[in-house]
Colleague: 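The structure that follows is given in the form of C-alpha cells.
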Amino acid sequence: MFTLIKKNGGARLGRFETVHSTVETPGFMNVATCAAIKGGVSAFDLQELKTQVMLCNTYHLHLRPSDTLVKDMGGLHKFTGWNKMILTDSGGFQVFSLSQLRKIKEEGVYFASHIDGRRIFMGPEESMRIQSNLASTVAMAFDECVANPSTHEYSKLAAERTERWLWRCKDEMERLNSRSDTINKKQLLFGINQGCVYDDLRVKNMEKIVKLDLDGYAIGGLAVGETAQEMYRIIAAVEPYMPVDKPRYLMGVGKPGNIIEGVRRGVDLFDCVMPSRNARHGHLFTWKGIINLNNAKYDRDENPVDETCGCPCCKNHTRAYLKHLFKAEELLAGRLAVMHNLYFYNTLMEKIREALINDEFESFYEKYSKLLDTRI
RNA sequence: GGGAGAGUUCCCGAGCGGCCAAAGGGAGCAGACUGUAAAUCUGCCGUCAACGACUUCGGUGGUUCGAAUCCACCCUCUCCCA
C-alpha cells in the first residue's frame, strides 16, 4: 500500500508498505541481478548501506540457478538472506539488451541463453511463474523495451503488444497468488509504460495500462539512447496520467542528476546499475562530483573518497589506498567502491526525503542536480 | 681456455634488406558505462614547430640506391665442455 505524504511542487514524499518492509520514497533500489550485488557485497552489508530494496532479475535467475531451485530454497528472501523488499525485473529489459540473441513473437520471446546458447522461451505467463517462484515482493510486468531510435510504427506495435502482455501478466499473477503452494501470495505487480520517445504513444499506453489497476506503475524504455531532455519530457508528459496513490518507478535511471530530475517530475522509485558498475570501474560518486580513482592524481591522496561520507570505505580508508587496490586488481577495491557508491545513492535518496520533509526540495535541486554528475 | 646462442622502443617479445617508429602482450595515461551477456569496453602510448620532419632496434665501422635485418671488430649476458 502506497501513501503519498506530501509534495514539493511535482516531487513526492511517500511510504510504500509491503509484506516484507516499508519503503520510504523517493527511494533507490540496489541492483542485484543474479541475487547478488556485484562487487562482493552481501545482504548483511546492505544493512549498513541504508539499502531499502534489492532488485533481482527473472531472466538471469531462471537460467541460473533456476527459479524452481530458488523456490525449493524458500524463495529469494531466504536464499539471499535479505528480509526487506525485493523487486524482480521481468526479463523485459533482456528483450532489449540481448537483441542479438532473441526473436519476439506475440506469444513471447525466444532467447538463446547468454550462458550456454540453449534456447529458451519467455512470455508473460512464464515471467510471472518465475517471479512467483522467486517470491519477490514486487513482480514487474513482462514488457518489450524498444531500442532508441525506433520508428513510430514499430514503437506503436511494440507498445500495444506490451499492453496485451500486461493483461496476461495480471491474469497469471492473480492465478499464482491464489495457489496454495505459492510462497508470497501477496506478490504485487507493477505495469510498465512504453512507447519509445513518442509522447502520443506514451500517453495512450499509460491511459490503457492504468485501467488495469495494478499495484504500481513504471516508466520503462528510457535511458536507452535518447537524450536526457527527451527523457524528462516523456516523464512529464506521462506523469499526469499516472495514479496518485500508486508508486511510480522510473526503470534503470540513473545518474544522480537524472534521479533528482525524476523526483522533481513525480517519480518515487529508481534503480540503476550505475553505482555498482561504475564503482567496479573506479568511478566514485561524491558530494562534490564524480572522481575516477584510477587517475594518477590520487596516488598520494590521504583523504577519504568523500570527507562527509559515513560509509565503511570512507570511515576507514584513503583514496590513495583505494587507488592502489584498483591498480593491484584486488577484489577489495570493487567491494569497497561498490559499498561507497550504494551508500552514496541511498544517502542521496535520504537527503531528498529530508529536503521534502523540510519543504526545501527546490533548493536541494538547485544545489545538486548538476553538481553531482560533474567530473572532478 | 674451447664451443653454442643472445642483445629491439618503460618491461616481455615479434620482426631478419625496402610495405618498420617497428606486430602482440604487459605496464603507464585518459575516456566510456543508466530495468548488468560488463571486475568490461575504447582511445593514447619515441620526439617535435606533428596529413610532415627528426632520432631509435648493444657499440663502432663497413656493404647497399636503401639496414633492426648482411659483413667485420668490440662490449655485455646465457648455456655447454675443460
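Just so we're on the same page: letters track the sequence lines, and every chain starts at 1. All of these numbers come straight from a predicted model, not from anything done at the bench.
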Colleague: For the side chain of A:Asn57 and the base of B:rG35, is some donor closer than 3.5 Å to an acceptor across the two?
Modeller: no
Colleague: Hey, is A:Glu207 close enough to A:Lys211 for a salt bridge, meaning N to O under 4.0 Å?
Modeller: no
Colleague: Any side-chain N or O of A:Lys327 under 4.0 Å from OP1/OP2 of B:rC29?
Modeller: yes
Colleague: Does A:His60 lie flat on the base of B:rU36, that is, centres under 5.5 Å apart and planes under 30° off?
Modeller: no
Colleague: If only side-chain N and O atoms of A:Arg277 are considered, is one of them under 4.0 Å from the OP1 or OP2 phosphate oxygen of B:rU34?
Modeller: yes
Colleague: Can you see if the side chain of A:Arg280 gets near the phosphate of B:rC33 - specifically, an N or O under 4.0 Å from OP1 or OP2?
Modeller: no
Colleague: Paired with B:rA6: which nucleotide, if any, by Watson-Crick or G-U wobble criteria at under 3.5 Å for both distances?
Modeller: B:rU76
Colleague: Assign A:Leu87 to base, sugar-phosphate, or nothing according to its heavy-atom contacts below 4.0 angstrom with the strands shown.
Modeller: nothing
Colleague: Distance check, C1' atoms only: B:rC10 and B:rC57, in whole angstrom units.
Modeller: 15 Å
Colleague: Kindly say whether the aromatic ring centers of A:Phe93 and A:Tyr59 come within a distance under 6.0 Å.
Modeller: no
Colleague: Quick check with a 6.0 Å cut-off and a 45 degree axis cone: is A:Arg264 positioned over the face of A:Tyr365's six-membered ring?
Modeller: yes
Colleague: Between A:Lys351 and A:Trp287, is NZ or CZ placed under 6.0 angstrom from the six-membered ring centre and within 45° of the ring axis?
Modeller: yes
Colleague: Between B:rA23 and B:rA72, how far apart are the two P atoms, rounded to whole Å?
Modeller: 30 Å
Colleague: When you look at A:Phe28 and A:Phe270, which way does the ring-ring contact (aromatic ring centres under 6.0 Å, His included) test go after all the steps?
Modeller: CA-CA 5 Å; A:Phe28 180 79; A:Phe270 302 83; 7.6 Å; no
Colleague: B:rC29 C1' sits how many Å from A:Leu293 CG, rounded?
Modeller: 15 Å
Colleague: Who is the Watson-Crick or G-U wobble partner of B:rU69, with both distances under 3.5 Å?
Modeller: none
Colleague: Pairing check on B:rU63: which nucleotide meets the Watson-Crick or G-U wobble criteria with it, both distances under 3.5 Å?
Modeller: none
Colleague: Using only side-chain N and O atoms of A:Asn295, determine if any of them is under 4.0 Å from OP1 or OP2 of B:rA30.
Modeller: yes
Colleague: For A:Arg335 and B:rA39, is the shortest distance between a side-chain N/O and OP1 or OP2 below 4.0 Å?
Modeller: no
Colleague: If you take all heavy atoms of A:Pro304 and A:Cys314, which pair is closest and at what distance?
Modeller: CB-O, 3.4 Å
Colleague: Counting any heavy atom closer than 4.0 Å, what does A:Gly40 reach on the DNA or RNA strands: base, sugar-phosphate only, or nothing?
Modeller: nothing
Colleague: B:rU34, OP1 or OP2 - any side-chain N/O from A:Asn278 closer than 4.0 Å?
Modeller: no
Colleague: Output yes when at least one side-chain N/O atom of A:Gln94 is less than 4.0 Å from OP1 or OP2 of B:rA37, else no.
Modeller: yes
Colleague: Rounded to whole angstroms, how far apart are CG on A:Leu61 and P on B:rU36?
Modeller: 11 Å
Colleague: What integer number of Å spans the C1' atoms of B:rU8 and B:rC20?
Modeller: 12 Å
Colleague: Test for a donor-acceptor pair under 3.5 Å between the base of B:rU36 and the side chain of A:Ser97, counting only N and O atoms.
Modeller: no
Colleague: For A:Leu331, answer base if it contacts any base atom (sugar-phosphate contacts may also be present), sugar-phosphate if it contacts only those atoms, and nothing otherwise; contact means non-hydrogen atoms under 4.0 Å.
Modeller: base
Colleague: Grab the CG-P distance between A:Asn294 and B:rU42 for me, whole Å please.
Modeller: 16 Å
Colleague: Has the side chain of A:His283 got a donor or acceptor atom sitting under 3.5 Å from an opposite partner on the base of B:rC33?
Modeller: yes
